[in-house]
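Only one structure is covered here, and it is reproduced in the block below.
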Amino acid sequence: MSERVVKDKYDRPILSLRITLTNRCNVNCIYCHHDGMRSSKNEMTPDEIYKICQIAKRIGVRKIRLSGGEPLIRKDIVEIVSKINSIGFNDISITTNGILLEKYAKDLKEAGLDRVNVSLDTLNPETYEFITKKDYLEAAKKGILKSVEVGLYPVKINMVIMRDINEHEIKDMFNFCKDNNMVLQLIELIESENCDDDKFSAEYHYKLDMVEERLSDIADEVREREFMQGRRKYYINGGEIEVVKPVDNSKFCANCTRLRVTPDGKIKPCLLRNDNLVDIITDIRNNESDEKLEEIFLKGIDKREPFNTD
Ligand code: SAM
């Protein structure tokens, strides 16, 4: 029997769910969009997250990504992964800053985590401290290497590129990734009203088009990922770089197959909007039926609108 696929009104299938487990974080990155949310009251419990994932599975979601804030500062992170894993998804991943990965990578792998994306914008301790306001670079690097060691695969490094801050470090970061069998993802800085410094994102925004041109010139092979916002992958000397450009990118929206859930249990139809959330946690706490919860999910999907259209 073929798996169910629910599509939104723009014919985009909903295949993955990104759950923000908390808005709390152990660093304070200068550019952080806080996944569009700030408050962190009433975080969902592992059982509530499990219920949301069960409903997601019913409507055909194949992949779960856990994010934050910093998801690894939840002390129940291993339990959460283990519960989600028992439902049977194709892929469970976490986006983390890696600082606590040395402690958790092995347990997370055993609990059923498939892979991690680790945010690391620089290999320079001073730049790291400038960006995150903390001196955890060594901890983050140890965590990254631990996740490779325990077999989380692939480990991807998310590097947000900022003018005059780390744009010159792409080559070093690429070599760090290549040497450790990891994929580098270059991310274009999103201008966000949630940034701590309003002017920051405009001042440091660095268009990745030029970088892509250089990569095209030197790559042994270039591939476009059909269902990943038309992202390009560049293969260079046995290493791999992906480029993620959410800014003014209609393809980013046209190919979006992802629904989001906030830490306090609301369905968030779009990363870039906060005004169309759909409450599901109240009904979960009221022990509503799976049919009713599915209806709420479908309502969230119905509210999906492309943010960038041209
Ligand atoms: N704490 C985790 C981490 O550091 O990966 C997960 C949360 S963080 C908000 C998720 C991702 O969003 C990170 O890769 C981060 O670099 C990216 N991000 C945050 N603000 C951004 C912005 N203004 N532009 C582009 N990417 C951003």
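Ligands are counted one by one from 1 in listed order, and the atoms in each one are counted from 1 as well.
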Backbone or side chain, does any N or O of E70 fall under 3.5 Å from an N or O of ligand 1?
yes
Decide yes or no on salt bridge (charged side-chain N to carboxylate O under 4.0 Å, His left out) for R62 and D91, but give the supporting numbers first.
CA-CA 7 Å; R62 273 84 157 146; D91 183 63; over 6 Å; no
Part of I190 with heavy atoms under 4.0 Å of ligand 1, whether side chain, backbone, both or neither
both
Below the 3.5 angstrom mark, is there an N/O of G68, backbone or side chain, next to an N/O of ligand 1?
no
To which of A140, S67, G69 does the heavy atom nearest atom 2 (C) of ligand 1 belong?
G69
Under 3.5 Å: N/O of D121 near N/O of ligand 1
no
Applying salt bridge (charged side-chain N to carboxylate O under 4.0 Å, His left out) to E149 and K146, what does each step give before you reach the verdict?
CA-CA 5 Å; E149 183 192 313; K146 186 75 180 179; 3.6 Å; yes
Hey, is the main chain of G88 close enough, under 3.5 Å, to the side chain of K57 for a donor-acceptor pair?
yes
Take every heavy atom of M159, measure it against each atom of ligand 1, and state whether any distance is under 4.0 Å.
no
So if I count the atoms of ligand 1 from 1 in the order they appear, which ones are less than 4.0 Å from some heavy atom of E188?
25 (C)
Below 3.5 angstrom, do we get any N/O pair linking S119 and ligand 1?
yes
Proximity to ligand 1 by part of T96, non-hydrogen separation under 4.0 Å
backbone
Can you sort out which atoms of ligand 1 are near V160, meaning under 4.0 Å from one of its heavy atoms?
16 (O), 26 (N)
Are the charged groups of R285 and E48 less than 4.0 angstrom apart, N to O?
yes
For T262 and D264, test the side chains for any donor-to-acceptor distance below 3.5 angstrom and give the result as yes or no.
yes
Answer yes or no: is there a side-chain heavy-atom contact under 4.5 Å between I161 and E188?
no
Carefully, step by step, assess E294 and R4 under the rule salt bridge (charged side-chain N to carboxylate O under 4.0 Å, His left out).
CA-CA 13 Å; E294 183 176 316; R4 182 174 175 191; 2.9 Å; yes
Mind running side-chain contact (heavy atoms from CB on, under 4.5 Å) on R304 and L259 for me, showing each step along the way?
CA-CA 9 Å; R304 281 165 51 84; L259 198 64; 3.8 Å; yes
Quick check: N158 and ligand 1, any N/O pair under 3.5 Å apart?
yes
